[in-house]
Amino acid sequence: MQSTKQTIRIYNSLSGKKEEFKPLNEEHIGMYVCGPTVYSNVHLGNVRTFMSFDMIFRYFKHLGYKVRYVRNITDAGHLENDADEGEDRIAKKARLEQIEPMEVVQKYTVDFHNILNKFNFLPPSIEPTATGHIIEQIEIVKDILDKGLAYEINGSVYFDVVKFNETNNYGKLSGRNIEDMIANTRELNAQSDKKNPQDFALWKKAEPKHIMRWPSPWGDGFPGWHLECTAMSTKYLGEQFDIHGGGMDLKFPHHECEIAQAEASYGHTPVRYWMHANMLTLNGKKMAKSTGNNILPTEIFTGDNEHLSKAFSPSVARFFMLQAHYRSILDFSNDAILAAEKGYNRLMDGIGLISFLKTSPTSSLDITKWKQQCYDAMNDDFNTPILIAHLFEGVKYINLIKDGKESISEADLEMLSTTMTELTFDVLGLENKSASSSSGEDKLGGVVDLLIQLRAEARLNKDFATSDKIRNELTELGIELKDGKDGTTFSIN
RNA sequence: GGCGUCAUGGCCGAGUGGCUAGGCGGAGCUCUGCAAAAGCUUUUACAGCGGUUCGAAUCCGCUUGACGCCUCCA
């Protein structure tokens, strides 16, 4: 753990600027991140957002903060659009797969956890579900009704955005103003109950066929999409907390509505630092479940996708994504992840060499300065690409020391080693997956080692015909031999 | 149509008013029976046009292009 006090600057979407981060309580940080709606498999774009916050969670913990990280599961069905039509997406999936809505939820929640585990995610401190907090949500609806900022029509309750805007600023997060929105709204459907198109549902009446339903003062229904996050963040983090995160596409309307709900109910703004992770694109376009323009994590692991030439380990995919800043759009391509894989291997090889380095009485390198540069990168709005650049600098140091071109003292080597490993594994959350684990691969490894031995003997006898035959035949099979100073290793392509 | 973001070298991708990002690829060298691997060194940039400035790729304006939100979305 890093005990030195670090000053962190965070880009706050609310102000549009980087601000010095000061938690409400000195040692504790409260962070809420909007989780997935579990009606289908998470794609790689979803993973990127959660990975950004996993990295941020890890860094805070590494610095010694006590972090309560809440990431919800949206398991209540919400409508396909914000007008009054559209099917509940979970119900739709249940109908298509001919299972219960709660089976849909269970299936994809399990999938979500499995995938995140493969990517070496830390579990959040609390992972609450929307359906587990219906009572809390109903209480908020009642409260907002009491304050006169919502209205009930035909068993549904809507937030009165226009009225709210008279005393508050609706749109401050996404940089909109309500006059523009009214001027630009398309015609409202005739059957809508809303007074204004900008109003959003706090509670929706359930039609008779709607399976996911709960009793409420306004009849059987289900909560509006934006409400669950207000209920759960308040319950576990308080009426005001430090960080609220999510994907860029949630900024409007979702986060805007969260702010409105909390301000209406509690009378003050709920979040100090709003953070938004940018999109992962494929072919230059946002990954989206609805358009089919996406890659599933499983396809990365197997290579079974038209965009991929081979399989990639979760750690390589993680490295690929962390090589871009979380607020930048990142385009996924085979070439880009292929390049990332080579870089990742270089980083891992470098770290693997640390324990073999010999120390000297003095250092020819300024390790203290290098270390601070690593932390400066993270402190500047979690700039992982810069951190990785410094880690590669560290790899260069390691190689130069190994070749005797630079020297390092025992204390500096300790610092180099600790910094490299902690930042790579604890903060970035990478794993060194070079060691093969399955028994089949172990046996193959034994066989290849035997061939390597035979080849070494042939080379010793200057029987290059035999040694080259072994090497070439193995290459044909996709096994590459690598001759090094300390013997031969191999890799399977 | 409204609001917003971004345009960087062969590719990916940071950053900044004047001083090296980094990775991949390319080139050279070391190592090697040869080759590969590995390591070291090295290479080029800031969409276009104006403006501000001693100086701009970095600030301002315009143009072009791409993307995102405005409907569920990470």
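Small disclaimer: the values here were computed from a predicted structure and weren't measured. Within every chain, numbering begins at 1; the chains are lettered A, B, ... in the order of the sequence lines, protein sequences first and strands thereafter.
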Electrostatic pair A:R471-A:D468, nearest N-O below 4.0 angstrom: yes

Presence of salt bridge, A:D111 and A:K107, under 4.0 angstrom: no

Any base atoms under 4.0 Å from [X], or only sugar-phosphate, or nothing? Heavy atoms, all strands.
X      : result
A:R176 : base
A:F252 : sugar-phosphate
A:G45  : base
A:L400 : sugar-phosphate
A:K462 : nothing
A:K342 : sugar-phosphate
A:H254 : nothing
A:L280 : base
A:D331 : sugar-phosphate
A:A324 : sugar-phosphate

Counting side-chain heavy atoms from C-beta on, which of [options] comes nearest to [X]?
X      : options             : answer
A:N46  : B:A74, B:C67, B:C69 : B:A74
A:M279 : B:A74, B:C12, B:C67 : B:A74
A:L250 : B:A74, B:G23, B:A35 : B:A74
A:F392 : B:G13, B:C40, B:G22 : B:G22
A:R459 : B:A36, B:C72, B:U32 : B:U32
A:K285 : B:G68, B:C40, B:A74 : B:G68
A:I329 : B:C67, B:C34, B:C40 : B:C67
A:S328 : B:A14, B:G33, B:G2  : B:A14
A:H325 : B:A14, B:C69, B:G22 : B:A14
A:D403 : B:G39, B:A37, B:U32 : B:G39

OP1 or OP2 of [N] versus the side-chain N and O atoms of [X]: is any pair under 4.0 Å?
X      : N     : answer
A:N383 : B:G15 : yes
A:R346 : B:C40 : yes
A:K405 : B:U41 : no

Sub-6.0 Å ring centroid separation between A:F382 and A:F60: yes

Please confirm whether any donor atom in the side chain of [X] sits under 3.5 Å from an acceptor in the base of [N], or the reverse.
X      : N     : value
A:D468 : B:G33 : yes
A:R471 : B:A35 : yes
A:D483 : B:A35 : yes

First of A:D335 and A:L353 reached from the 5' end of RNA chain B, by closest nucleotide: A:D335

5'-most by nearest nucleotide on RNA chain B - A:I386 or A:T489: A:I386

Using the [atom1] atom as the reference point in each nucleotide, state the distance between [N] and [M] in Å, no decimals.
N     : M     : atom1 : value
B:C19 : B:A57 : P     : 11 Å
B:A56 : B:A74 : C1'   : 36 Å
B:G9  : B:A21 : P     : 13 Å
B:C12 : B:U71 : P     : 33 Å

What is the distance from [atom1] of [X] to [atom2] of [N], rounded to the nearest Å?
X      : N     : atom1 : atom2 : answer
A:K286 : B:U5  : NZ    : P     : 18 Å
A:H390 : B:G22 : NE2   : C1'   : 9 Å
A:Q323 : B:C11 : CD    : C1'   : 12 Å
A:I452 : B:A37 : CD1   : C1'   : 12 Å

Face-to-face stacking of A:F50 with B:A74, centres under 5.5 angstrom, angle under 30°: no

Donor-acceptor pair, distance only, cut-off 3.5 Å: does the side chain of [X] make one with the backbone of [Y]?
X      : Y      : result
A:E127 : A:P124 : no
A:S52  : A:R48  : yes
A:D75  : A:A130 : yes

Candidate list A:Y32, A:F50, A:Y69, test ring pair (Phe, Tyr, Trp, His ring centres under 6.0 Å), partner A:F57, passing option: A:Y69

Between CH2 on residue A:W274 and NE2 on residue A:H244, distance to nearest 0.5 Å: 4.0 Å

